[in-house]
Amino acid sequence: MRSLQKKIKNEIYALLKDKYDFKQTELSFSQPAERKFGDLSTTLAFALAKKTKSKPFLVAEDMAARLTGQLKAVEDIRVAGGGFLNLYLRRDNFLKYQWQNLEKPLPAKGEKVIVEHTSINPNKSAHIGHLRNSCLGDILARSCRFLGYEVEVQNYIDDTGIQIADVVWGLLHYQKKSLDEIKKISNLAAYLWDLYAEVNQLFAANDDLARQRRDVHKKIEEKIDPEYESCRYIAEEVLLDHIRTMEQIGIHYDLLARESDVIALDFFKAAAAEMTARNVMTRSADPAKKDCLVIHYDRENIEKIIVRSNDTITYVGKDIAYNLWKFNLLPRDFCYRIFHTYADGHAIYMTQSEPAPPAPPFGRGDKVYNVIDVRQSYLQNLIAQVLAQLGHSAPSANFIHFSYEMVALTPACVREMNLKLEAGEENKPYIEVSGRKGRAVKADELIAKLVEKSLCEIQVRNPALAAAEALPLARTIAVAALRYFMVKFNLNTVIAFDFKEALNFEGDSGPYLQYTMVRLNSILKKSSGADLRAASVPGSLQCLEAREKELYWEMILNLSLLELAVEFALQNHELSSLAAYAYGLCQKFNHYYHLFPVLAEKDADVRNLRLSLMLIFKNKVEKLLAVMGIAIPDRM
RNA sequence: GCACCCGUAGCUCAAUGGAUAGAGCAGCUGACUUCUAAUCAGCAGGCUGCAGGUUCGAGUCCUGCCGGGUGCGCCA
């Protein structure tokens with residue numbers, strides 16, 4: 001549809017440019033609200049009427065007169081609604097064109113996109129908030145790949161921060177465990193979940209303990225054992241746990257970038273040199289920030305500390321250096337080693353400071369997406385500002401904070417999990433998730449619940465199915481439910497999490513999409529080879545009765561929008577539109593399915609045409625679901 | 001205080017400035033001897049927070065109010 005629209009635009013522009021004064025970019029098409037308004041609609045007449053000070057309807061009428069019969073792919077042109085110009089395509093030609101272009105992959109863009117997502121502190125299990133991040137990041141990466149970009153997925157590991165010192169203190173000094181004892185703890189990440197919440201309560205109540213924690217943090221930074229080696233062990237164990245959690249739902253990474261390596265390899269020094277030379281980073285004149293190096297954040301007129309008075313670097317400072325590296329703007333690089341290999345053979349690399357054999361060329365992105373929740377907007381904007389101030393205008397424009405709202409818990413959900421509410425929280429619309437307070441739904445726990453529910457549903461429908469067969473199906477369905485749930489909301493919608501909604505497998509849900517495809521595949525499985533061969537040459541829509549013809553055409557038209565739909569989602573930062581698109585297609589399919597049987601149809605022409613639709617639907621929607629990371633089970 | 005986001009059906013959410021504001025859930029009526037009922041068809045449910053403005057056209061843009069959320073650390 002994309003190339004067809006372009007062709008039609010070219011034709012229209014050539015035919016109208018002498019009569020009307022406009023640029024070709026002003027001509028855009030949208031999908032009409034209703035079938036009767038045609039297949040492509042443009043509001044060009046409204047804009048041109050303003051310029052020529054005439055009535056939109058008259059302009060549209062004149063345009064229609066000039067265009068009628070002149071556009072190759074267009075059967076009819078009509079004016080409606082006071083100035084809409086509605087185009088009606090030549091359906092049989094369009095159907096043939098769709099069919100011929102079904103298998104053509106999109107051409108490579110020749111640009112590299114780096115997507116950073118997940119980036120969970122390696123000090124406890126992942127929770128639902130992290131799942132939103134990872135699902136969005138993964139679908140973003142898949143969308144870019146689908147459109148022909150080279151994509152590299154990075155996961156930033158803060159293995160030096162104070163939050164990991166929290167649990168190191170908790171294990172070594174509070175619980176008095178040795179490293180050997182720590183190594184014996186099974187499911188360490190989940191164990192630390194509780195410990196992290198517990199020690200944070202202690203720190204809040206006791207300044208002396210909070211000071212002890214700072215000492216631990218210092219020892220980690222200065223590589224003093226046992227704090228340092230325990231920290232290394234914990235970070236790696238918990239990281240493996242996160243990777244396992246995400247692997248369950250089909251999320252893979254290419255590179256794990258460690259903060260400790262950003263520090264060890266002096267990335268910041270290189271960045272600081274440039275920022276100082278360009279006067280972007282300066283010594284603060286504020287007595288309260290004596291001896292600090294700061295950057296002025298113009299948008300909100302704030303002075304942000306980058307280097308503390310004790311010469312240590314703040315989080316943003318390190319992030320600036322890391323992001324400069326992503327664009328290949330630092331005279332520094334990491335060393336790399338393989339950290340983990342997935343079942344499909346794909347390797348995740350991890351950065352390291354020690355020299356290592358050559359690795360793939362990481363970084364060097366043309367475009368960078370940072371999937372980080374909206375609460376870090378100001379820091380992300382600051383980084384974009386710094387890039388611009390350093391003279392990197394293209395990277396600054398291609399530095400994209402892929403911002404989304406947080407996941408919170410409904411008060412009902414908090415009660416359901418027997419978690420404590422603080423004073424005044426009872427009346428809040430939602431409760432912020434907090435690892436520090438141990439108040440969140442663990443990712444693994446939610447996934448387990450989804451699998452359990454899928455399994456129940458499968459067993460009800462397929463009582464004879466062996467558990468060994470049912471479990472993989474249940475996992476596939478659980479993943480679809482979770483991913484769909486995480487992507488169906490707008491990015492700036494706070495998800496107030498509720499088990500009942502997340503566990504919904506009916507209607508607007510991932511399993512609904514899967515069920516649609518299972519039905520479709522079942523038809524194809526039962527079709528004869530002769531029928532399938534015949535269907536590969538789509539016939540004419542003329543053999544269908546009116547009602548079916550309209551529905552059929554509507555589906556073909558909608559299916560043809562796949563590439564445009566993914567492009568739209570990416571451009572507008574609305575991955576939820578992919579979910580809506582998929583859901584709408586499947587609704588139409590199910591509607592059609594109930595009205596028009598394929599296998600039982602006696603008329604061979606009609607049967608073949610229906611089967612053609614099945615094949616086109618399968619091709620397009622499988623690709624769409626793959627972009628969303630939703631697999632199609634053999635049965636449900 | 002300053003900055004950003006949100007307010008749409010009972011609930012949870014959709015809706016490129018475009019044509020009659022749509023879905024799911026919950027409720028009610030129907031449809032399995034049929035290509036899988038995790039489905040489908042139908043009913044009911046709305047002054048899109050309030051008041052102005054811009055526009056051929058506003059849920060969407062602008063201004064002001066009201067209500068809610070988040071950010072503004074020498075935390076990360």
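Just so it is clear, the model here is predicted, and its values are computed rather than measured. Each chain gets a letter, A, B and so on, in the order its sequence line appears, and its residues count up from 1.
Distances were taken from every side-chain heavy atom of Phe489(A) (C-beta onward) to each of U39(B), G71(B), A14(B); the shortest belongs to A14(B). The listed nucleotides are U70(B), A41(B), A38(B); the one nearest the side chain of Arg375(A) is U70(B).
Within 4.0 Å (heavy atoms only), Asn121(A) reaches sugar-phosphate atoms of the nucleic acid but no base atom. Residue contacts for Ala49(A): at a heavy-atom cut-off of 4.0 Å it reaches no nucleic acid atom on any strand shown. Contacts of Phe589(A) with the nucleic acid, taken as non-hydrogen atoms under 4.0 Å apart, are absent. Among the protein residues, Pro429(A) comes within range of the sugar-phosphate backbone only, with heavy atoms under 4.0 Å from sugar or phosphate atoms but none that close to a base. Contacts of Ile477(A) with the nucleic acid, taken as non-hydrogen atoms under 4.0 Å apart, include base atoms. When heavy atoms are screened at a 4.0 angstrom cut-off, Ile164(A) is found touching no nucleic acid atom at all. When heavy atoms are screened at a 4.0 angstrom cut-off, Ile162(A) is found touching the sugar-phosphate backbone but no base atom. Within 4.0 Å (heavy atoms only), Lys290(A) reaches at least one base atom of the nucleic acid. Within 4.0 Å of Phe57(A), counting heavy atoms only, lies no atom of the nucleic acid at all. Residue Val374(A) is out of contact with every strand shown, counting any heavy-atom pair closer than 4.0 Å. Contact annotation for Ile305(A): base contact, defined as any heavy-atom pair under 4.0 Å involving a base atom. Phe596(A) comes within contact range of at least one nucleobase, with a heavy-atom separation under 4.0 Å.
Considering Asp159(A), Thr160(A), Asp158(A) in turn, Asp159(A) is the only one that fulfils the side chain to side chain donor-acceptor pair (under 3.5 Å) rule with Ser260(A).
Put simply, Asn492(A) has a side-chain N or O that comes within less than 4.0 Å of OP1 or OP2 on C6(B). Side-chain N/O atoms of Asn381(A) include none lying less than 4.0 angstrom from OP1 or OP2 on C4(B). For A37(B), the OP1/OP2 oxygens have a side-chain nitrogen or oxygen of Arg519(A) closer than 4.0 Å. Within the 4.0 Å cut-off from OP1 or OP2 of A76(B), not a single side-chain nitrogen or oxygen of Tyr315(A) is found. Between Arg635(A) and A38(B) there is no side-chain polar atom (N or O) within less than 4.0 angstrom of OP1 or OP2.
Nucleotides G45(B) and C61(B) are separated by 30 Å at their C1' atoms, to the nearest Å. With both ends at atom C1', the span from C13(B) to A21(B) equals 14 Å, rounded to whole Å. U29(B) and U12(B) are spaced 26 Å apart, taking the P atom of each and rounding to whole Å. Between C65(B) and A3(B), the distance separating the two P atoms is 12 Å to the nearest Å. Taking the C1' atom of each, A76(B) and C66(B) are spaced 36 Å apart, rounded to whole Å. Using P as the reference atom, G18(B) and G1(B) are 35 Å apart when rounded to the nearest Å. On the C1' atoms, G22(B) is 32 Å away from U34(B), given to the nearest whole Å. Across the C1' atoms, G53(B) and U60(B) are found 15 Å apart, a figure rounded to whole Å.
For Thr493(A) and C13(B), a side-chain-to-base donor-acceptor distance below 3.5 Å is absent, hydrogens and geometry of angles not being considered. Looking at Arg299(A), its side chain has no donor and acceptor atom pair within 3.5 Å of the base of A3(B).
The aromatic rings of His573(A) and Phe402(A) sit tilted, their planes meeting at an angle between 30° and 60°. The aromatic rings of Tyr378(A) and Tyr297(A) sit tilted relative to each other, their planes meeting at an angle between 30° and 60°. Using cut-offs of 30° and 60° on the angle between ring planes, the pair Phe596(A) and Tyr592(A) is tilted. Below 30°, between 30° and 60°, or above 60°: for Phe589(A) and Tyr593(A) the angle between ring planes is between 30° and 60°, a tilted geometry.
Salt bridge status for Asp39(A) with Arg35(A): present, with a side-chain N to carboxylate O gap under 4.0 Å. Comment: Arg375(A) engages Asp373(A) in a salt bridge, judged by a side-chain N to carboxylate O separation of less than 4.0 angstrom. Taking the charged nitrogens against the carboxylate oxygens, Arg211(A) and Asp215(A) do have a contact shorter than 4.0 Å, which makes a salt bridge. Under 4.0 Å is where a charged nitrogen must lie from a carboxylate oxygen, and between Lys437(A) and Glu432(A) no such pair does.
RNA chain B is contacted by both Ile313(A) and Glu432(A); Glu432(A) maps to the nucleotide lying nearer its 5′ end (nearest heavy atom per residue). Toward the 5′ end of RNA chain B lies the nearest nucleotide of Lys526(A), the other residue of the pair Lys526(A) and Asn310(A) mapping further downstream.
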Dot-bracket summary - RNA chain B, pairs being Watson-Crick or G-U whose distances fall under 3.5 Å, with | when paired to another strand: (((((((..((((....[...)))).(((((.......))))).....(((((..]....))))))))))))....
Contact state string [nucleotides 18-34 of chain B, B base, S sugar-phosphate only, - no protein heavy atom under 4.0 Å]: BBB--SSS---------
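Enclosure of atom NZ in Lys51(A) by more than 12 non-hydrogen atoms of other residues, nucleotides or ligands within 6.0 angstrom is indicated.
Proximity of Glu574(A) to Asn490(A): side-chain heavy atoms (C-beta onward) are separated by under 4.5 Å at one or more points.
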